Amino acid sequence: MEFELIERIRAHCSLGRADVLLGIGDDAALLAPPAGHELAASTDTLVDGVHFPQGAAPRDIGWKSLAVNLSDLAAMGARPAWALLNLTLPQADADFVDQFAAGFAELAGQHHLALVGGDTTSGPLAVGVTVLGFVPAGRALRRDGARVGDGVFVTGTLGDAVAGLYCTQARGGAWAQLGDSQRSALLERMRRPTPRVAAGIALRGQASACIDVSDGLLADLGHVARRSGVGIEIDAPLLPTSPALLDACDEATRIALQASGGDDYELAFCASPAHEAAILRDLARSGCGATRIGRVIAGAGVRLLDAQREEIVLARSGWEHFA
Ligand code: ADP
Ligand code: MG
């Protein structure tokens with residue numbers, strides 16, 4: 001049964017690459033990284049009811065389990081190449097596996113990524129994905145390079161995914177009154193995040209530090225501040241907002257979602273003012289624009305400021321497991 005499921009996954013993810021010397025089917029894959037590059041490796045697990053709602057469409061789970069991993073490679077400026085998939089399933093459900101693999105393969109195909117191995121086990125539904133990618137030696141984007149005087153930027157828009165989650169919960173108020181197109185725009189951001197791979201590659205040599213926004217903007221920038229030994233100020237009025245989110249809730253709620261909601265999978269990065277114009281131009285070309293939202297200062301921690309430069313204190317800065 002296990003082997004039939006593996007065969008189904010393999011059939012969906014049949015994309016071939018010359019640098020896969022031996023793929024699914026042996027005890028280990030044999031891979032040939034290109035000369036002059038470093039290998040970027042990252043893994044993330046998605047658990048039923050924690051990282052996606054119970055009853056989520058298997059196709060969306062397949063997409064998202066790869067998307068959140070590609071987002072980590074994007075944040076390093078790495079080009080994705082290979083993935084491994086650890087699938088834990090409550091039953092040997094062929095339909096589920098077909099749908100899941102189709103969603104996974106849809107995104108893998110967009111990035112010319114080959115699935116080269118994994119493991120299939122029985123237990124409560126969980127999906128672990130490991131991704132491997134390349135970055136030219138010494139050119140990776142890291143969390144520890146932010147410098148006082150740099151601008152702080154973010155790609156795309158913030159807050160949509162967590163607003164999409166709110167749309168699926170019985171929250172009443174404005175959320176219950178959203179129109180269909182607005183709801184579906186927000187839901188799409190939650191179900192199918194877009195990893196900013198091209199943006200990450202475009203930022204090589206230009207950004208001083210980079211992180212993907214998975215747990216919440218302030219929480220994630222907190223890691224950049226700590227690793228870089230600097231402070232960060234974010235201007236709430238500059239946070240980029242989608243049309244769908246703009247009239248979905250009041251301003252205070254919106255800012256809280258954008259600053260701490262998480263699940264956006266945008267890239268937050270720092271860059272010196274000398275690079276700003278080139279970065280904004282290159283990112284617009286890569287298909288996803290970026291917005292300057294703040295600045296790197298001497299000190300420590302991340303502060304969110306309103307238009308009067310008064311600090312906005314939120315109940316939480318981001319998502320934490322075991323909190
Ligand atoms: P082993 O017992 O040697 O670990 P398995 O029986 O677990 O091998 O797996 C057989 C082959 O199928 C291996 O190449 C493994 O990488 C691959 N594989 C198993 N599960 C998955 C999966 N969910 N996705 C992709 N490849 C898988
Ligand atoms: Mg095994």
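Just follow the structure's listing: the first ligand is 1, and inside any ligand the first atom is 1. This one's a predicted model, so the numbers in the text were calculated from it and none came from an experiment.
- Considering only residues two or more places apart in sequence or on other chains, Phe153 meets the ring-ring contact (aromatic ring centres under 6.0 Å, His included) condition with Phe269.
- Contact atoms of ligand 1 toward Phe3: 6 (O) (distance under 4.0 Å to a heavy atom of the residue).
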(request) List the steps, then state whether side-chain contact (heavy atoms from CB on, under 4.5 Å) holds for Leu257 with Tyr166. (result) CA-CA 10 Å; Leu257 296 184; Tyr166 280 16; 3.7 Å; yes
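- Considering backbone and side-chain N/O atoms, Asp26 comes within less than 3.5 Å of an N/O atom of ligand 1.
- Shown in contact with Ile24 at under 4.0 Å from a heavy atom are these atoms of ligand 1, numbered in order with element: 12 (O), 14 (O), 17 (C), 25 (C), 26 (N).
- Taking every non-hydrogen atom of Asp27 and a distance limit under 4.0 Å, the qualifying atoms of ligand 1 come out as 3 (O).
- Ligand-side atoms of ligand 1 in range of Gly25: 11 (C), 13 (C), 14 (O), range being under 4.0 angstrom from any heavy atom.
- Heavy atoms of Thr120 found under 4.0 angstrom from ligand 1 belong to the backbone as well as the side chain.
- Among Leu115, Asp119, Val116, the residue whose heavy atom sits closest to atom 21 (C) of ligand 1 is Asp119.
- Salt bridge Glu38/Arg139: absent, no basic N to carboxylate O contact under 4.0 Å.
- Other residues sharing the hydrophobic cluster of Val135, ordered by chain and number and joined by side-chain separations under 4.5 Å: none, the residue standing alone.
- Aromatic rings from Trp63 and Phe100 are positioned such that their centres are separated by 6.0 Å or more.
- Within a 6.0 Å radius of CG in Asp26, more than 12 heavy atoms belonging to other residues, nucleotides or ligands are found.
- Remark: Arg204 does not engage Asp282 in a salt bridge, criterion side-chain N to carboxylate O under 4.0 Å.
- Taking 4.0 Å as the cut-off, Glu2 counts as a neighbour of ligand 1 on heavy-atom distance.
- Of all the atoms in ligand 1, the ones that sit under 4.0 Å from a non-hydrogen atom of Gly117 are 16 (O), 24 (N), 25 (C), 26 (N), 27 (C).
- For ligand 1, none of its N or O atoms has an N or O atom of Ile9 under 3.5 Å away.
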